[in-house]
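Order of the sequence lines sets the chain letters (A, B, ...), proteins ahead of strands, with each chain counted from 1. Predicted, not measured: the structure shown is a model, and the values here were computed from it. What's counted below: heavy atoms across the whole structure, side chains too, no hydrogens, waters or symmetry copies.
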There are 2 protein chains.
Amino acid sequence: MADFDYRTLDELIHSRIRLAVVSILSAVEFADFRFLREKTGATDGNLGAHIGKLENAGYVSAEKLFVERKPVTRYRLTPEGKAAFQAYVIRLGEMVRLEDAS
Amino acid sequence: MADFDYRTLDELIHSRIRLAVVSILSAVEFADFRFLREKTGATDGNLGAHIGKLENAGYVSAEKLFVERKPVTRYRLTPEGKAAFQAYVIRLGEMVRLEDAS
DNA sequence: ACAGAGTACTCTGTTTTTCAGAGTTACACA
DNA sequence: TGTGTAACTCTGAAAAACAGAGTACTCTGT
């Protein structure tokens, strides 16, 4: 039988907001703050705090620039972030047997 | 693009311990307390509290009996619990694109 | 009837996390 | 140098997670 130890699910990714952020970043190569805020529906303070955790963990990197005279921060997954997300998804799949639901 | 609003993920299921419990119950028809505790690795007090939340939500039902002279509580998913879990898994799949990882 | 044993909680208190919103910083451009 | 926009940082409140102690329950043996 599969392993269901709850501690084997990366708690840094297993948060609804952070999971949404990482999922988006895994799909789009890079995304800016406004985009992430709109897609997740989070308030900007809250979103900033969650992204901060992902940056501290080395899962996400940020790049600041100006586009059309306006400040923009672009985020992308680091290789570590990609690996962690992939591991998380695989682990999750083992746990919930997602393939059965499709 | 898919919806990434973090509030669309059932927060009652999206907890590492409760997710483990519900996943197990979705696979085995019923399970007793000891079994759940061993599989999840949770302490019994903590596990009891999480199961309590699932019961209050109507996702899980309990049945007490004695087996080999020892008290046993058997838990199973209610129809509501099954539906909620299935919805959760589908939602999760949309979010993380789990099918890509296999 | 009562004591002992085993299980499944319930309760308590601590730690951690989440969240919203206000306030602040930073930089480009006029 | 002042203004505008975006991206945070900080604060504080609320909720959740967690471990572990303590308790209640019912069976069984005497």
Side-chain angles (χ1 to χ4, degrees), chain A residues 4-25 30-57 59-76 88 95, chain B residues 4-25 30-57 59-76 88 95:
Chain A
F4 287 95
D5 188 319
Y6 72 95
R7 284 158 300 197
T8 60
L9 263 187
D10 188 337
E11 67 181 336
L12 225 123
I13 293 181
H14 191 77
S15 141
R16 292 186 301 168
I17 289 184
R18 293 195 298 272
L19 179 58
V21 168
V22 172
S23 294
I24 292 169
L25 292 180
F30 63 80
D32 62 36
F33 191 88
R34 292 176 62 92
F35 182 80
L36 292 175
R37 193 182 53 197
E38 282 160 21
K39 287 294 176 186
T40 60
T43 56
D44 60 350
N46 197 10
L47 179 59
H50 280 292
I51 292 177
K53 288 187 183 182
L54 292 171
E55 285 187 80
N56 286 341
Y59 287 179
V60 164
S61 65
E63 175 193 5
K64 286 164 185 284
L65 60 153
F66 273 75
V67 175
E68 291 174 9
R69 305 171 190 175
K70 295 172 187 170
V72 167
T73 306
R74 284 223 272 246
Y75 300 98
R76 67 184 73 222
Y88 173 84
M95 222 165 181
Chain B
F4 287 96
D5 188 318
Y6 72 94
R7 285 159 299 196
T8 61
L9 263 186
D10 188 337
E11 67 181 336
L12 223 121
I13 293 181
H14 191 78
S15 140
R16 292 186 303 169
I17 290 184
R18 292 195 299 270
L19 178 58
V21 168
V22 172
S23 294
I24 292 169
L25 293 180
F30 62 80
D32 62 37
F33 191 87
R34 292 178 62 91
F35 182 81
L36 292 175
R37 192 181 54 198
E38 282 160 21
K39 287 293 175 185
T40 60
T43 56
D44 60 349
N46 197 10
L47 179 59
H50 280 292
I51 292 176
K53 289 186 183 181
L54 292 171
E55 286 187 78
N56 286 341
Y59 287 179
V60 164
S61 64
E63 177 192 4
K64 288 165 184 283
L65 59 152
F66 274 74
V67 175
E68 289 174 10
R69 305 171 192 175
K70 296 171 189 171
V72 167
T73 306
R74 284 223 272 247
Y75 300 98
R76 67 185 74 224
Y88 173 84
M95 221 165 182

In Watson-Crick or G-U wobble terms, both distances under 3.5 Å, what is the partner of D:dT23?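 D:dT23 is paired with C:dA8.
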
[X]: partners by side chain to side chain donor-acceptor pair (under 3.5 Å), with sequence neighbours left out:
X: A:Asp32; answer: none
X: B:Thr43; answer: none
X: B:Asp44; answer: none

Find every protein N or O atom lying less than 3.5 Å from an N or O atom of nucleotides 1-6 of chain D, and list the pairs.
residue: D:dA6; atom: OP1; partner: A:Arg34; partner atom: NH1; Å: 3.1
residue: D:dA6; atom: OP2; partner: A:Arg34; partner atom: NH1; Å: 3.4
residue: D:dA6; atom: O3'; partner: A:Pro71; partner atom: O; Å: 2.8

Who pairs with [X] by side chain to side chain contact (heavy atoms under 4.5 Å, CB included), at least two apart in sequence or on another chain?
X: B:Glu63; answer: B:Leu65, B:Arg74, B:Arg76
X: B:Ala49; answer: none
X: B:Ala42; answer: A:Tyr6, B:Ile17, B:Thr40, B:Leu47

Contacting residues from residues 9-23 of chain A, given that a heavy atom lies under 4.0 angstrom of DNA chain D: none

Check whether any side-chain N or O of B:Lys53 sits under 4.0 Å from OP1 or OP2 of D:dA17, and answer yes or no.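 So the side chain of B:Lys53 is within the cut-off, an N or O lying under 4.0 Å from OP1 or OP2 of D:dA17.
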
Is there a side-chain contact between A:His50 and the phosphate of C:dC19, meaning an N or O under 4.0 Å from OP1 or OP2?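 Yes, such a contact exists.
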
Euclidean distance, atom [atom1] of residue [X] to atom [atom2] of [N] [Å, nearest integer]:
X: B:Glu38; N: C:dA8; atom1: CD; atom2: C1'; value: 14 Å
X: B:Glu68; N: C:dA5; atom1: CD; atom2: P; value: 19 Å
X: A:Arg7; N: D:dA17; atom1: CZ; atom2: P; value: 15 Å
X: B:Leu65; N: D:dT28; atom1: CG; atom2: P; value: 12 Å
X: B:Asp32; N: C:dT7; atom1: CG; atom2: C1'; value: 10 Å
X: A:Leu47; N: D:dA7; atom1: CG; atom2: P; value: 10 Å
X: B:Phe35; N: C:dT7; atom1: CZ; atom2: C1'; value: 17 Å

Test: salt bridge (charged side-chain N to carboxylate O under 4.0 Å, His left out). Region: residues 7-19 of chain A. Which pairs qualify, not counting sequence neighbours? A:Asp5-A:Arg7, A:Glu11-B:Arg16, A:Arg16-B:Glu11

Going by the rule salt bridge (Lys or Arg N to Asp or Glu O under 4.0 Å), which residues pair with A:Arg34 if we only count those two or more places apart in sequence or in a different chain? none

Is B:Leu25 close to B:Leu54 at the side-chain level, that is, under 4.5 Å between some pair of heavy atoms? no

4.5 Å side-chain heavy-atom contact, A:Val72 and A:Phe33: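 A side-chain contact is absent here, since even the closest heavy-atom pair is not under 4.5 Å.
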
Pairs under 3.5 angstrom, nitrogen or oxygen only, protein versus nucleotides 10-14 of chain C, please.
none

Going from CG on B:Leu36 to CZ on B:Phe30, what distance comes out if it is rounded to the nearest 0.5 angstrom? 11.5 Å

